[in-house]
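Keep in mind that the numbers below use all heavy atoms, side chains included, and drop hydrogens, waters and symmetry copies.
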Amino acid sequence: MDRRGPGTAHTMDRTGKAIAEYHALPEESGRRRDLVASLGRSLDQRPDDEGVLDFLIAVAADHEDLDLARVEATKALRLWPPADPDLRRRAGSALRAALSHPDEDLVRQYAAMALAPYADDPGVHEALADAVLGDEDRLVRDNALAALSEAGPDERRAGVLHRLAEDTTLRHEALRILTAWGRAPAA
C-alpha cells in the first residue's frame, strides 16, 4: 500500500503516465474518456494541479478529440474551476470554444452548463447570453439558462433573463429565476 500523500512525486508520476497513455491511444478509444474522467476526479484531492488543469483545458478545446472525453473535461472544469486567474481565463475560453463549435451537440450542451463558474468573465457572459437567447439546440439553451442561474444574480444576468421572459419556450423558467433573485418584472 502506498502511503504517500497527494502532491508527491509518485502522484505526479501517475498523472504524467495517465496523460501519456491518453495521447498514445487511438482517438476513437473509449479509454480516453476514462482517463479524462479519472484525471478530472483527481482535482478533488489536488484542485490546483496545473498539469491536470492544462490537460483538461486542452481536451475541452480540441474539436477533433473524442466527444465523450471532451464531455468529461467540461464536467471536471465545471466542478473544479481553476483558482489561478490565468488558468481560469483559459478554461473559460476553452469552454466557450467548445460551446461555439456547431457540429458537436453533446459537447456543446455540457460546455454550456460548465460555464457557470466562469460567468463573471465578460466573454463567457456574452457566450451564455447568445446561447440562451438564440441557440437552435434546446438543450444548449436549457443548460445555458441553468448556468446563468447557478452563477447567481447580477445586473447583466438579470438583463438576459428579463429578455428571456419574452421567450415562449423559456419564459416560465426565466421568471422563476428572476423571482428567486428578487428581480421579477413588475406586474
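In this structure, Arg156 and Pro122 have side chains that are in contact, with non-hydrogen atoms separated by less than 4.5 Å. Looking only at side-chain heavy atoms (C-beta outward), Leu66 and Glu27 stay at 4.5 Å or farther from each other. Residues Phe55 and Thr15 have side chains not in contact (no heavy-atom distance under 4.5 Å, counting atoms from C-beta outward). Looking at heavy atoms from C-beta onward, Arg32 lies in side-chain contact with Asp65 at the 4.5 angstrom threshold.
Ser38 places no side-chain N or O within donor-acceptor distance of the main-chain N or O of Leu35, the cut-off being under 3.5 Å. Remark: the backbone N or O of Pro26 is not paired with any side-chain donor or acceptor of Ser29 at under 3.5 angstrom. Looking only at distances, no side-chain donor or acceptor of Arg78 sits under 3.5 Å from a matching main-chain atom of Ala116.
Minimum interatomic distance between Ala112 and Ala144 (heavy atoms only, all atoms of both residues): CB-N, 3.8 Å. Smallest separation of non-hydrogen atoms from Asp135 and Arg141: O-CD, 3.1 Å. Nearest heavy-atom pair, Leu161 versus Ala174, reported as atom, atom and distance to 0.1 Å: O-CB, 3.7 Å. Between Pro117 and Arg88, the closest heavy-atom pair is O-NH2, 2.6 Å. Looking at every heavy atom in both residues, Leu99 comes nearest to Ala111 through N-CB, 3.8 Å. Minimum interatomic distance between Leu178 and Pro185 (heavy atoms only, all atoms of both residues): CD1-CD, 4.3 Å.
One distance of note links CG of Asp86 with CZ of Arg90; it measures 5.5 Å at 0.5 Å rounding. Rounding to the nearest 0.5 Å gives a distance of 10.5 Å between CD of Glu150 and CG of Asn143. Atom NE2 of residue His172 and atom CG of residue Leu164 lie 12.5 Å apart, to the nearest 0.5 angstrom. Rounded to the nearest 0.5 angstrom, Leu95 CG and Leu115 CG are separated by 5.0 Å. Between the CG atom in Leu56 and the CG atom in Leu43 there is a gap of 6.0 Å [rounded to 0.5 Å]. Rounding to the nearest 0.5 angstrom, the gap separating the CG atom in Asp84 from the CZ atom in Arg89 is 9.5 Å.
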Report task. May I have the step-by-step check of side-chain contact (heavy atoms from CB on, under 4.5 Å) for Ile177 and Leu148, ending in yes or no? Result -> CA-CA 9 Å; Ile177 295 165; Leu148 289 169; over 6 Å; no
Report task. List the steps, then state whether side-chain contact (heavy atoms from CB on, under 4.5 Å) holds for Asp137 with Gln109. Result -> CA-CA 8 Å; Asp137 184 327; Gln109 293 160 9; 3.0 Å; yes
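Within the structure, every pair that satisfies the side-chain hydrogen bond (donor to acceptor under 3.5 Å, both in side chains) test and touches residues 113-125, not counting sequence neighbours, is listed here: Asp120-Arg157.
Look at Asp44 and Arg41 and you find no salt bridge, because none of the NZ, NE, NH1 or NH2 atoms lies under 4.0 Å from a carboxylate O. Under 4.0 Å is where a charged nitrogen must lie from a carboxylate oxygen, and between Arg96 and Glu126 no such pair does.
No continuous path of hydrophobic side-chain contacts links Leu139 to Leu128 [ILVMFWY only; heavy atoms under 4.5 Å]. Note on Tyr22 and Ile57: same hydrophobic cluster, where clusters join Ile, Leu, Val, Met, Phe, Trp and Tyr whose side-chain heavy atoms are under 4.5 Å apart, directly or indirectly. Residues Leu170 and Met113 are members of separate hydrophobic clusters, defined by side-chain heavy-atom contacts under 4.5 angstrom among Ile, Leu, Val, Met, Phe, Trp and Tyr. Trp80 and Tyr110 fall into different hydrophobic clusters, where Ile, Leu, Val, Met, Phe, Trp and Tyr side chains are chained together by heavy-atom contacts under 4.5 Å. Two different hydrophobic clusters hold Leu106 and Leu77 under the rule that ILVMFWY side chains link at heavy-atom gaps under 4.5 Å.
Looking at Arg176 and Ser149, their side chains never bring a donor and an acceptor atom within 3.5 Å of each other.
Among residues two or more places apart in sequence or in another chain, the side-chain contact (heavy atoms from CB on, under 4.5 Å) test is passed with Glu104 by His63, Asp67, Arg70, His101, Val107.
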